[in-house]
Amino acid sequence: MDHFDIKDGVLHAEDVALPEIAAAVGTPVYVYSTATIERHARVFLDAVADVESTPEKPLVAFAVKSNPNRAVLAILTKLGLGADVVSGGELLRARAAGIPADRIVFSGVGKTADEMKLALREGIYQFNVESEPEAEMLSTVAIELGTTAPIAFRINPNVVAGTHAKISTGGSEDKFGVAYDRAMAAYARAAELPGLNVRGVAVHIGSQLTNLDPSRAAFEKVGALIADLRAAGHDIVTADLGGGLGVPYDPAKPTPPLPDVYGAMVREVTAGWNVRLLFEPGRVIVGNAGVLLSKVIRVKPGVTDPFVIVDAAMNDLMRPSLYDAYHEVRNVEPDGSRMTAHIVGPICESGDTFAKNREMDAVEADDLVTFMTAGAYGATMANTYNSRALTPEVLVSGNNWALVRERQPIESLIAADKLPPWL
Ligand SMILES: *Cc1c(COP(=O)(O)O)cnc(C)c1O
């Protein structure tokens, strides 16, 4: 469910016609719908509202990496969400958007001592620690600051997530988490370290999950581990079940499980755990709340199908080249006719291809097109390859819209290079 619909023949974001934004801001531009973000956040909150969670209701910590725009974070914090951050930069952004520190969880395999210091000074809710050496470093840093770090170990449950290899994180050869078989030893060691409050278990097996069985298997392992840890004398009071729920990209594929089905599964598996539950959804909150609006530069004849060359490229939206991801492409003012084409950007890489042999709305030069479901892992992964400036972002709310990130001036990109004195 989203708020991108054709009205009077023109694709709108809520009540704003997309050509209006293109005319004012230029293309390419990301456009987000507030109503869609709010709707998905509420659906997720409702889906986990009646899981057992004690002594407080669950913490839903939005995975900031999926869409770190401060305006997006500000919408979510108003609804009570927190943040799952994976760098000091994300932590500062979350704080700058008004997310309280006690709703922030810090994940990631490579936290540096400086990032740990920052997070301890801010007083975040929990560190999800991914290795024993990380626990040792965090202990040292906490002692230096005269404080105690609340930690969970992220466990690698060794389950096959059944998603694209580059977004699978819970297999034993993936870099994430402490191997399930080493977990008891890691907790025993951490419990002896000063400056740590070892109090939780965390898991996150991957992204764009379209089947709940791997998650269920991982959560069951977490449940068994909590029991073993308690038997060994550890006081476990939080369990973080990560993110990963998939969203529909390709209308021809089955719809991934909806949040309420996920919530029911969680309720069943976690009954009796007697912990506060944490969740880290990203994509499912913002994925289909955003589109990348682009203009067709020209249509170049091909040997078989033509190439639709658009002004967005792999630097603006990396998912197709990175993960072979599917994004539906629509003409903003479709006339009902269809064509089959390759959709490509202007970058000098064959990988700058959004779709091959795609059956789509017919388009010609100067038509506006949208890449749908681009709200997650879109603008956040953009880069400046081919000296293309970073894409601007627009937030729509009803019939209002605002630029929430300016188009990067190409001059600032060039000025960032400094010539050495001898040139
Ligand atoms: C990326 C990530 C998430 C969010 O994943 P989604 O698929 O966007 O829900 C949650 N937790 C951790 C630790 C992550 O790395």
Side-chain angles (χ1 to χ4, degrees), residues 37 40-41 43-45 47-48 58-69 72-73 76 81-87 90-91 94 103-111 119 124-131 134 151-157 161-171 174-178 200-212 214-215 218-219 222 238-249 256-259 262-263 266 277-290 318-319 322-323 325 373-381:
I37 296 171
H40 288 298
V43 165
F44 194 91
L45 288 170
V48 300
L59 173 63
V60 178
F62 174 67
V64 170
K65 74 176 192 280
S66 66
N67 189 325
N69 190 291
V72 171
L73 300 181
L76 295 174
L81 278 78
D84 171 45
V85 302
V86 294
S87 70
E90 285 192 353
L91 173 56
R103 285 195 232 145
I104 296 179
V105 176
F106 197 165
S107 303
V109 297
K111 300 176 198 80
I124 65 162
Y125 183 70
Q126 179 170 296
F127 291 81
N128 288 350
V129 172
E130 304 220 11
S131 64
E134 183 189 332
I151 75 160
F153 270 110
R154 174 169 173 184
I155 300 306
N156 184 321
T163 183
H164 191 281
K166 287 189 181 155
I167 46 177
S168 291
T169 58
D174 294 325
K175 68 178 177 179
F176 297 100
V178 174
V201 180
V203 75
H204 171 74
I205 61 166
S207 197
Q208 186 54 15
L209 306 173
T210 53
N211 175 324
L212 292 181
S215 301
F219 299 166
V222 169
T238 66
D240 183 337
L241 301 183
L245 207 51
V247 300
Y249 284 99
L258 293 174
Y262 170 84
V266 168
L277 287 179
L278 278 59
F279 299 91
E280 304 170 346
R283 190 189 310 270
V284 76
I285 307 290
V286 291
N288 63 10
M318 287 184 76
R319 298 189 65 260
L322 206 54
Y323 312 132
T373 321
Y377 307 104
T380 178
M381 283 189 179

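One-based numbering, in listed order, for ligands and for the atoms of each.
- Listed by number with element, the atoms of ligand 1 under 4.0 angstrom from any heavy atom of Ala63 are 3 (C), 4 (C).
- Each of the following atoms of ligand 1 lies closer than 4.0 Å to a heavy atom of Arg154: 13 (C).
- The distance from ligand 1 to the heavy atoms of Gly243 drops below 4.0 Å at these ligand atoms: 9 (O), 10 (C).
- Atom CD in Glu130 sits 9.0 Å away from atom CG in Asn156 (nearest 0.5 Å).
- Atom OG1 of Thr373 sits about 10.5 Å away from atom CZ of Arg283, to the nearest 0.5 Å.
- Annotation: atom 2 (C) of ligand 1 to nearest protein heavy atom, Lys65 NZ, 2.3 Å.
- Every atom of ligand 1 with a heavy atom of Arg283 under 4.0 Å away is listed here by number and element: 6 (P), 8 (O), 9 (O).
- At a 3.5 angstrom cut-off on N or O pairs, Ser66 does not count as close to ligand 1.
- In the vicinity of Asp84, heavy-atom distances shorter than 4.0 Å reach the ligand 1 atoms 10 (C), 11 (N), 12 (C), 13 (C).
- Of all atoms in ligand 1, numbered sequentially from 1 with element shown, those under 4.0 Å from a heavy atom of Tyr377 are 1 (C), 4 (C), 5 (O), 6 (P), 8 (O).
- For atom 9 (O) of ligand 1, the closest non-hydrogen atom of the protein is Gly244 N, 2.8 Å.
- Closest protein heavy atom to atom 11 (N) of ligand 1: Glu280 OE1, 2.6 Å.
- Of all non-hydrogen atoms in Asn67 and Leu73, the two that sit nearest each other are O-CD2, 3.9 Å.
- The main-chain N or O of Phe176 is never found under 3.5 Å from a side-chain atom of Arg154 such that the two would form a donor-acceptor pair.
- With respect to atom 7 (O) of ligand 1, the closest heavy atom belonging to the protein is Ser207 OG, 2.3 Å.
- The shortest heavy-atom distance from Val284 to ligand 1 is not under 4.0 Å.
- Between Leu81 atom CG and Phe62 atom CZ the span is 8.5 Å, to the nearest 0.5 Å.
- Cation-pi check for Lys111 over Phe127 is not met; the charged atom does not lie both under 6.0 angstrom from the ring centroid and within 45 degrees of its normal.
- Contacts with ligand 1 closer than 4.0 Å are made by no heavy atom of Leu209, backbone or side chain.
- Applying the 4.0 Å criterion to heavy atoms of Gly282 picks out, from ligand 1, the atoms 6 (P), 8 (O), 9 (O).
- Taking every non-hydrogen atom of Pro281 and a distance limit under 4.0 Å, the qualifying atoms of ligand 1 come out as 9 (O).
- Here the closest non-hydrogen pair linking Asn288 and His40 is OD1-NE2, 2.7 Å.
- Evaluation of the ring pair (Phe, Tyr, Trp, His ring centres under 6.0 Å) rule for Phe153 yields Tyr187 as partners, not counting sequence neighbours.
- Annotation: Gly242 places no N or O atom under 3.5 Å from an N or O atom of ligand 1; distance criterion only.
- Each of Asp240, Ile104, Leu59 was evaluated against Tyr125; a single residue qualifies, Leu59, per the side chain to side chain contact (heavy atoms under 4.5 Å, CB included) test.
- Under the 3.5 Å distance criterion, the side-chain polar atoms of Glu280 are left unmatched by any main-chain donor or acceptor of Ala61.
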